[in-house]
Amino acid sequence: MQDTYRHRGLRQKLVQILKSKGIRDVNVLQAIGTIPRHFFLDRAFDTWAYKDLAFPIDAGQTISQPYTVAFQTQLLKINRGDKVLEIGTGSGYQASVLYKMGAKVYTIERQKRLFDKTSEVLPRMGLGGVRTLFGDGFVGAPRFAPYDKILITAAAPFFPQALFDQLKVGGYMVIPVGEGDIQKMKRITKVSPTQKREELFGTFSFVPMLAGTNAA
Ligand code: SAH
């Protein structure tokens, strides 16, 4: 795969679109302006990769719409060196955005096929620093806890307490909550080991967060 002038031009246009939709975090915009999103999609989507749209990837899953990636990342207020746990690696694009912003990224995927793919592809793209994990995001990754930030990129049917326990006090969790087609975007602040503050940021649409793993 090549990253041509044309791709770069389209990417800058995408950045402009995201700005016009209200994304302000310059580090988010810069990361999206740098990462070749077309590398994360099948070749057939090459010229489509820089539209502000979600697309199908393997295993019946989707790569999130760039606006959704930008919006969730902006809510996390990423600082360089933040330890971030992502639930739902999918294509690996969101994890790469966080990594480009200087975060230490751990990302969990329950679909073995997607895990195998990102584990192979990310290092080849110079993104081998992203730690890919195969497992159930409801369990999280206590081995590497606590995290400064936790990002859930699938629709959570309920609030995952195990993940809250793996978050630092003062840390944020960004999570789309709700079953069915529409979820409420929430930012949870961990105010103390047992208390949380909740903020609401409109509605989005995600594939469901499912329990267990799928090794097929
Ligand atoms: N962040 C991804 C898009 C995520 S789509 C990207 O940038 O491309 C949601 C992903 O979450 C899917 O790949 C799905 O398989 C995964 N997923 C759903 N439930 C999960 C769980 N319990 N643990 C880990 N991953 C999960």
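Predicted model only: the values in this text are computed from it and were never measured. Counting convention: from 1, in listed order, for ligands and their atoms alike.
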Polar proximity ligand 1 side, L210 side, N/O cut 3.5 Å exclusive: yes
So F204 and F71, would you call those rings parallel, tilted or perpendicular, with 30° and 60° as cut-offs? tilted
Strictly under 4.0 Å, does any heavy atom of S64 approach an atom of ligand 1? yes
Would you mind running through ligand 1 and noting each atom that sits below 4.0 Å from a heavy atom of P208? 18 (C), 19 (N)
Counting each atom of ligand 1 from 1 as listed, which ones have a heavy atom of I63 under 4.0 Å away? 8 (O)
Around F158, counting heavy atoms of other residues, nucleotides and ligands shown, do more than 12 lie under 6.0 Å from its CZ? yes
In ligand 1, the atoms that come under 4.0 Å of a heavy atom of T153 are 1 (N), 4 (C), 5 (S), 9 (C)
Mind checking whether Q61 contacts ligand 1 via backbone (N, CA, C, O), side chain (CB onward), both or neither, at a 4.0 Å heavy-atom cut-off? side chain
Provide, to 0.1 Å, the distance between atom 23 (N) of ligand 1 and the closest protein heavy atom, together with that atom's residue and name. G137 N, 2.7 Å
Which residue supplies the protein heavy atom nearest to atom 25 (N) of ligand 1, what is that atom called, and how far is it? R110 N, 3.4 Å
Per-residue contact class, L114 against ligand 1 - non-hydrogen pairs under 4.0 Å: side chain
Closest to atom 2 (C) of ligand 1 (judged by heavy-atom distance), picking from A154, G92, G88: G88
Counting heavy atoms only, which of R113, E109, Q111 comes nearest to atom 13 (O) of ligand 1? E109
Using a 4.5 Å cut-off on heavy atoms from C-beta on, say whether the side chain of P176 contacts that of F201. no
Which residue is it: Q72, E198, E199? I am looking for the one with a side-chain hydrogen bond (donor to acceptor under 3.5 Å, both in side chains) to R187. E199
I'd like to know if the side chain of Q183 reaches the main chain of A156, judged simply by a donor and an acceptor atom lying under 3.5 Å from each other, with no hydrogens or angles considered. no
Out of L41, N214, T62, L151, whose heavy atom sits nearest atom 3 (C) of ligand 1? T62
For A95, state whether at least one heavy atom is located under 4.0 Å from any atom of ligand 1. no
With heavy atoms of M209 as the reference, note each atom of ligand 1 found under 4.0 Å away. 18 (C), 19 (N), 22 (N)
In terms of heavy-atom contacts, Y67 and D52 come closest through N-OD1, 2.9 Å
Kindly assign one of parallel, tilted or perpendicular to the pair F134 and F115, based on the angle between their ring planes and the thresholds 30° and 60°. tilted
Identify, by atom number and element, the atoms of ligand 1 in contact range of V207, meaning under 4.0 Å from any of its heavy atoms. 5 (S), 9 (C)
Determine, using heavy atoms of I57 and all atoms of ligand 1, whether some pair is separated by less than 4.0 Å. no
Side-chain donor or acceptor of D148 paired with backbone N/O of K83 under 3.5 Å: yes
side-chain hydrogen bond (donor to acceptor under 3.5 Å, both in side chains), that's the test. Do Y50 and R11 meet it? Break it down for me. CA-CA 6 Å; Y50 298 101; R11 208 146 64 226; 3.1 Å; yes
For ligand 1, which atoms sit closer than 4.0 Å to a heavy atom of S91? 6 (C), 7 (O), 8 (O)
Given side chains that start at C-beta, do those of T107 and L98 come closer than 4.5 Å, heavy atoms only? no
When you measure from the side chain of T89 to the backbone of G92, do you find a donor-acceptor pair of N or O atoms at a distance under 3.5 Å? no
Please list, in number order, the atoms of ligand 1 under 4.0 Å from a heavy atom of Q94. 1 (N), 7 (O)
